[in-house]
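What follows is one structure encoded as structure tokens, with my remarks underneath.
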Amino acid sequence: MPVAKPSATSRSELSGTPPAGPVLGSEFFDRDTVAVARDLLGKVLVREVEGRLLWGRLVEVEAYLGPDDLAAHSSGGRRSPRNEVMYGAPGHAYVYFTYGMHWCANVACGDMGECQAVLIRALAPMAGAEAMWEDRPAARRTTDLCSGPAKLCQALGITGSDNGADLIAGDRGIVVLSDGCAPPRRPGNGGRTGIVVATERPWRWWVEEDPNVSRWTPRV
DNA sequence: CTATAGATGCCCT
DNA sequence: GGGCATCTATAGC
């Protein structure tokens, strides 16, 4: 599995090996999407790219629940090349392009033919911060590196070429693993970010008190 | 610290 | 053409 074997050119400051613990498998992702979202808090996203190994702990997520969710890209059963991955097997990455310049990463959940996903909104950087700084010159503090869905994609070098990646097999250097850190018993919970309030439902969860959670002011 | 404008390209109830 | 699951720089307290 690619991320378990860092290449010889890994930078020394990345400390070489990711946290010990099992990579999440299909039994994790092929469940109710809300349960997957909540349980992803505290898990570790590991990324191997260009011989570098980076990882961070998930501290903020949002669920998008398919045809009946007006805010989802799959709302109303819409199906297109863009959202095709969400209809496929759970545990695959749905990476989309937005605002003309940003990538955002999701994990597809639910059975084949369903179209649900969890958006990864923020990470607490754990290793590879040097590489993250290089890819995020606008960041001023460590908490600027991964405190937003597009920020963390930039920090980890995740782009459209990673759309459809199998996070269970780690076929493109991305996996999620558990290092034994349990999800918070009482996570923060509220409306999703950037969604028109009238269509909104409380499907955003975060780790309370974590400084890497994205800040957000509701749109009027 | 908060508030606001502008960037920029793909998608399309 | 309008909107977008966003971010950054800048202005103003």
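Letters A, B, ... are given to chains in the order of the sequence lines, protein chains preceding strands, and every chain is numbered from 1.
The CH2 atom of A:W203 sits 10.5 Å away from atom OH of A:Y64, with the distance rounded to the nearest 0.5 Å.
C:dT8 atom C1' lies 11 Å from atom CD of A:Q154, rounded to whole Å. For A:W206 and C:dA5, the CH2 to C1' distance is 16 Å, given to the nearest whole Å. We find that NE2 of A:H73 is positioned 12 Å from C1' of C:dT6, with the value rounded to whole Å. Spacing between atom CG of A:L145 and atom P of C:dC7 amounts to 13 Å, rounded to whole angstrom units. One interatomic measurement links the two molecules: CZ of A:R141 to P of C:dT8, which rounds to 12 Å at whole-angstrom precision. Per the geometry, CG belonging to A:L152 stands 12 Å off P belonging to C:dT6, to the nearest Å. Taking atom CG of A:L119 as the reference point, atom P of C:dT6 lies 7 Å away to the nearest angstrom.
In this structure a side-chain-to-backbone donor-acceptor pair under 3.5 Å is present from A:R192 to A:A63.
Cation-pi check for A:R31 over A:F28 is met; the charged atom lies under 6.0 angstrom from the ring centroid and within 45 degrees of its normal. Because its NZ or CZ atom is both nearer than 6.0 Å to the ring centre of A:W206 and within 45° of the ring axis, A:R204 counts as a cation-pi partner of that residue.
Pair assignment for C:dG1 gives B:dC12, based on Watson-Crick or G-U wobble hydrogen-bonding distances that are each under 3.5 Å. Base pairing annotation: C:dG12 forms a Watson-Crick or G-U wobble pair with B:dC1, both donor-acceptor distances under 3.5 Å.
Heavy atoms of A:G148 sit under 4.0 angstrom from primed sugar atoms or phosphate atoms, though from no base atom. Residue A:R215 is out of contact with every strand shown, counting any heavy-atom pair closer than 4.0 Å.
Comparing A:T193 and A:R140 by the nucleotide of DNA chain C that holds the closest heavy atom to each, the one mapping nearer the 5' end is A:T193.
When distances are taken from the side chain of A:Y94 to each of C:dT8, C:dA5, C:dT6, the shortest belongs to C:dA5.
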- [ ] Using a 4.0 Å cut-off on protein heavy atoms (strictly under), produce a 5'-to-3' string for nucleotides 2-12 of chain B with B for base contact, S for backbone-only sugar-phosphate contact, and - for none.
- [x] -----BBBSSS
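An aromatic stacking contact between A:Y96 and the base of C:dA5 is absent, as defined here by ring centres under 5.5 Å apart and ring planes under 30° from parallel.
Under a 4.0 Å N-O distance rule, the pair A:R57/A:D179 qualifies as a salt bridge.
Considering A:V95, A:I158, A:L156 in turn, A:I158 is the only one that fulfils the side-chain contact (heavy atoms from CB on, under 4.5 Å) rule with A:I174.
Contact annotation: A:R136 side-chain N/O to C:dT8 OP1/OP2 distance is under 4.0 Å.
Between A:A139 and A:L145, the shortest heavy-atom distance links the atoms CB-CD2, 3.9 Å.
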